Participant: 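Right, I'll just put the structure down here and ask away after.
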Amino acid sequence: MRLVVLDMAGTTVADGGLVEQAFGAAAQRLGVEPGSAGHTEKLAYVRATMGESKISVFRHLFGDEDAAQLANRAFEEAYGELVDGGRIAPVPGAREAIEALQAAGRTVVLTTGFARVTQDAILDALGWRGLVGVTLCPADAQGRGRPYPDMVLAALLRTGAADDVRQIAVAGDTSYDMLSGRRAGASIVAGVLTGAHDKGQLTAAGATHVLGSVAELPALVGVV
C-alpha cells in the first residue's frame, strides 16, 4: 500500500454525534420541528447516509435546490459553531497512526463529506492543518462525494503516490466509505467501529477488514 485515504468525522475525528445536532438546527431553519414525524423520517435518512456529501443529502431531503442550499448552509454553520466550541477531538491513536504511516513512506490523504470551510475548521480546531499534505472535500472531486469513488481517485491523481489503484488503502466508519473505496478499486477497504455504522453494515457494504479503530490500520498495511 502506497496511498492511504482516511475519512475524518467518525474515523480519525471523534465528534460525539455533532452531525445529528447540526442537522437538527438545519431542519428547524426550514420549518421541520424536532419531534415531528417529518423530523424523525429525515433524521433516519441522515443516519443511513452518513459519509455522503451533505449537500447531496439535503437535495434528497428537501428537493428544491434553494431549500437544499439553505439547509446546507445552516448545517455547516451549526457544525462549525460546535467545532469552535471544542466539541471534537482526535480518535485515540489517530494522529499517531497517521504519523506512523507517513514515517514509513506512505502518503496519507484526509477526506470528508463536509464543505471545505467545515473541513478547515476541524483541522484548525485539532491543530492538524499541516498534518498531511492533501485534504479533500467533495468540491475537490468535481462535487461528487461518497459513495462515488471520486475523492479516492482524486487523492491518487492529486498525489501521484501510487502506480495502481490496488496500492490504495481506504478507511472509514460508514457504508458509503466502504462503497467509495470498493468502487475506486482499493485493495484494502477497512471499516472502523468508532463512528456511525456497525460491523454488519460495514461488511455488507464491502469492507475487506473491520477494525476497532484507525489506530490498528498501520499494522494492517504492514507498518509496525
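Atom set for the values below is all heavy atoms of this structure, side chains included, hydrogens, waters and symmetry mates excluded. These numbers were taken from a predicted model, which means no experiment stands behind them.
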Participant: What residue pairs, at least two apart or across chains, pass salt bridge (charged side-chain N to carboxylate O under 4.0 Å, His left out) with a residue in residues 168-197?
Facilitator: Arg146-Asp177
Participant: Could you tell me which non-hydrogen atom of Ala215 sits nearest to which non-hydrogen atom of Ala97, and how far apart they are?
Facilitator: CA-CB, 4.2 Å
Participant: Under the side-chain contact (heavy atoms from CB on, under 4.5 Å) criterion, do Asp7 and Val214 qualify, and how do the steps go?
Facilitator: CA-CA 10 Å; Asp7 172 51; Val214 73; over 6 Å; no
Participant: List the steps and the verdict of salt bridge (charged side-chain N to carboxylate O under 4.0 Å, His left out) for Asp163 and Arg2.
Facilitator: CA-CA 9 Å; Asp163 299 324; Arg2 305 306 307 166; over 6 Å; no
Participant: Starting from the C-alpha separation in whole Å, work towards a yes-or-no answer on ring pair (Phe, Tyr, Trp, His ring centres under 6.0 Å) for Phe75 and Phe23.
Facilitator: CA-CA 6 Å; Phe75 172 89; Phe23 165 75; 8.0 Å; no
Participant: Is there a donor-acceptor pair closer than 3.5 Å between any side-chain N or O of Thr159 and the backbone N or O of Ala155?
Facilitator: yes
Participant: So Thr111 and Leu6, side-chain contact (heavy atoms from CB on, under 4.5 Å) or not? Walk me through it.
Facilitator: CA-CA 6 Å; Thr111 64; Leu6 302 178; over 6 Å; no
Participant: Could you tell me how the ring of Tyr79 sits relative to the ring of Phe114: parallel (under 30°), tilted (30 to 60°) or perpendicular (over 60°)?
Facilitator: tilted
Participant: Inspect the contact between Glu99 and Arg95 and indicate whether a charged nitrogen and a carboxylate oxygen are less than 4.0 angstrom apart.
Facilitator: yes
Participant: Look only at the side chain of Ser175 and the backbone of Ala205, and say whether a donor-acceptor pair between them is shorter than 3.5 Å.
Facilitator: no
Participant: If you take all heavy atoms of Leu193 and Asp198, which pair is closest and at what distance?
Facilitator: CD2-C, 4.0 Å
Participant: After noting the C-alpha distance and the side-chain angles of Val4 and Val109, does the key distance pass the side-chain contact (heavy atoms from CB on, under 4.5 Å) rule?
Facilitator: CA-CA 6 Å; Val4 181; Val109 174; over 6 Å; no
Participant: For the hydrophobic clusters of this structure (ILVMFWY residues joined by side-chain heavy atoms under 4.5 Å, transitively), does one cluster hold both Met1 and Val165?
Facilitator: no
Participant: Which pairs, with at least one residue in residues 49-58 and sequence neighbours excluded, count as a side-chain hydrogen bond (donor to acceptor under 3.5 Å, both in side chains)?
Facilitator: none
Participant: As a quick check of understanding, evaluate side-chain hydrogen bond (donor to acceptor under 3.5 Å, both in side chains) for Thr135 and Arg129, giving each step before the final call.
Facilitator: CA-CA 9 Å; Thr135 62; Arg129 179 70 80 154; over 6 Å; no
Participant: Is the closest side-chain donor-acceptor distance between His197 and Thr174 under 3.5 Å?
Facilitator: no
Participant: Looking at side-chain heavy atoms only, is the closest gap between Asp140 and Met151 below 4.5 Å?
Facilitator: no
Participant: If you look at every heavy atom in Val189 and Gly206, which pair is closest and at what distance?
Facilitator: CB-O, 4.5 Å
Participant: Using atom types as modelled and distance alone, determine if a side-chain donor or acceptor of Asp120 lies under 3.5 Å from a backbone N or O of Val117.
Facilitator: no
Participant: Output, in order, the C-alpha distance, side-chain angles, deciding distance and verdict of side-chain contact (heavy atoms from CB on, under 4.5 Å) for Leu61 and Val57.
Facilitator: CA-CA 6 Å; Leu61 291 176; Val57 172; 3.9 Å; yes
Participant: Spell out, yes or no, whether Leu136 and Ile98 are grouped together once hydrophobic residues are joined by side-chain heavy atoms under 4.5 Å, including indirect joins.
Facilitator: no
Participant: So, does Glu20 use its side chain to make a donor-acceptor pair with the main chain of Val46 at under 3.5 Å?
Facilitator: no
Participant: Got a salt bridge between Asp64 and Arg59, using NZ or NE/NH1/NH2 to carboxylate O under 4.0 Å?
Facilitator: no
Participant: Looking at side-chain heavy atoms only, is the closest gap between Gln119 and Ile122 below 4.5 Å?
Facilitator: no
Participant: Can you tell me if Phe62 has over 12 outside heavy atoms packed within less than 6.0 Å of its CZ?
Facilitator: yes
Participant: Between Ser36 and Val32, is there a donor-acceptor pair closer than 3.5 Å when you use the side chain of the first and the backbone of the second?
Facilitator: no
Participant: Test of understanding: clusters of I, L, V, M, F, W, Y form through side-chain heavy atoms closer than 4.5 Å, transitively. Do Leu101 and Val152 belong to the same one?
Facilitator: no
Participant: Looking at Val132 and Val108, what are the two nearest heavy atoms and their distance?
Facilitator: CB-O, 3.5 Å
